[in-house]
Amino acid sequence: MAEETIFSKIIRREIPSEIVYQDDLVTAFRDISPKAPSHIVIVPNILIPTVNDVTAEHEAALGRMFTAAAKIAEREGIAENGFRLIVNCNRHGGQEVYHLHMHLLGGRPLGPLVAF
Ligand code: 5GP
């Protein structure tokens, strides 16, 4: 059994966060340490620790993360100019919280994909 992270508590609204979207499969909330004017974290409601743990059973939730991203980008007013979606995996990917999540970043030009 994977260990819960702070994100499970956010999903269950047990700790404060600014939730911008929630449905039966996913939850989205503002990142506590934003790296862009809009920085939203989108998570599946069930705990999947990393992309390495993804199976076919998760496809509905993972697909919904993209549907939610498109809706949120529209609401944030960043859809037309554009934005970036990032999913980090494990140490080399820079993953800090082991509950799979997608970063939605926008509101300014984001520069090159990877800094060297
Ligand atoms: P990772 O590096 O794992 O891809 O990203 C984790 C993200 O979660 C970071 O951008 C971090 O700022 C954010 N984060 C960590 N703890 C909390 C929290 O308690 N509340 C919110 N809203 N964001 C968090």
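Values below: all heavy atoms of this structure, side chains included; hydrogens, waters and symmetry mates excluded. What you see is a predicted model; the values in this text were computed from it and never measured. Whatever order the structure lists ligands and atoms in, that order sets their numbers, starting from 1.
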side-chain contact (heavy atoms from CB on, under 4.5 Å) evaluation trace for T55 with D53: CA-CA 7 Å; T55 67; D53 302 299; over 6 Å; no
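When V43, D31, V97, T5 are ranked by how near their heavy atoms come to atom 15 (C) of ligand 1, first place goes to V97. When E18, E96, H103 are checked for heavy-atom proximity to atom 3 (O) of ligand 1, E96 turns out nearest. Among I40, N90, I32, the residue whose heavy atom sits closest to atom 21 (C) of ligand 1 is I32. Considering only non-hydrogen atoms, atom 22 (N) of ligand 1 lies nearest to R30 out of K35, K9, R30.
Counting protein heavy atoms only, atom 19 (O) of ligand 1 is closest to I6 CG1, 3.7 Å. From the protein, the heavy atom lying nearest to atom 2 (O) of ligand 1 is G94 O, 3.0 Å. With hydrogens left out, the protein atom closest to atom 8 (O) of ligand 1 is F7 CZ, 3.4 Å, a heavy atom.
By the 30° and 60° cut-offs, the orientation of the rings of H39 relative to H103 is tilted.
Criterion: ILVMFWY side-chain heavy atoms under 4.5 Å apart, direct or through other members. Under it, L100 and L85 are part of a common hydrophobic cluster.
Ligand 1 does not have Y98 within reach: every non-hydrogen atom of the residue lies 4.0 Å or more from it.
Under the 6.0 Å cut-off for aromatic ring centres, Y21 and F29 do not qualify, their centroids lying 6.0 Å or more apart.
A salt bridge does not link R64 to E59: none of the charged nitrogens lies less than 4.0 Å from a carboxylate oxygen. In summary, E18 and R30 engage in a salt bridge, as defined by a charged side-chain N under 4.0 Å from a carboxylate O.
Contact annotation for I10 and ligand 1: only side-chain heavy atoms (C-beta onward) come within less than 4.0 Å of the ligand. Contacts with ligand 1 closer than 4.0 Å are made by side-chain heavy atoms of H101 only, the backbone lying farther away.
Of the residues listed (H101, R75, M102, E76), the one engaging I40 in a side-chain contact (heavy atoms from CB on, under 4.5 Å) is E76, and it is the only one.
The contact set between ligand 1 and S33, taken as ligand atoms under 4.0 Å from a residue heavy atom, comprises 12 (O).
For the residue pair T27 / N45, a side-chain donor-acceptor distance below 3.5 Å is found, with atom types taken as modelled.
For ligand 1, the polar-atom distance check against Q95 finds no nitrogen or oxygen pair separated by under 3.5 Å.
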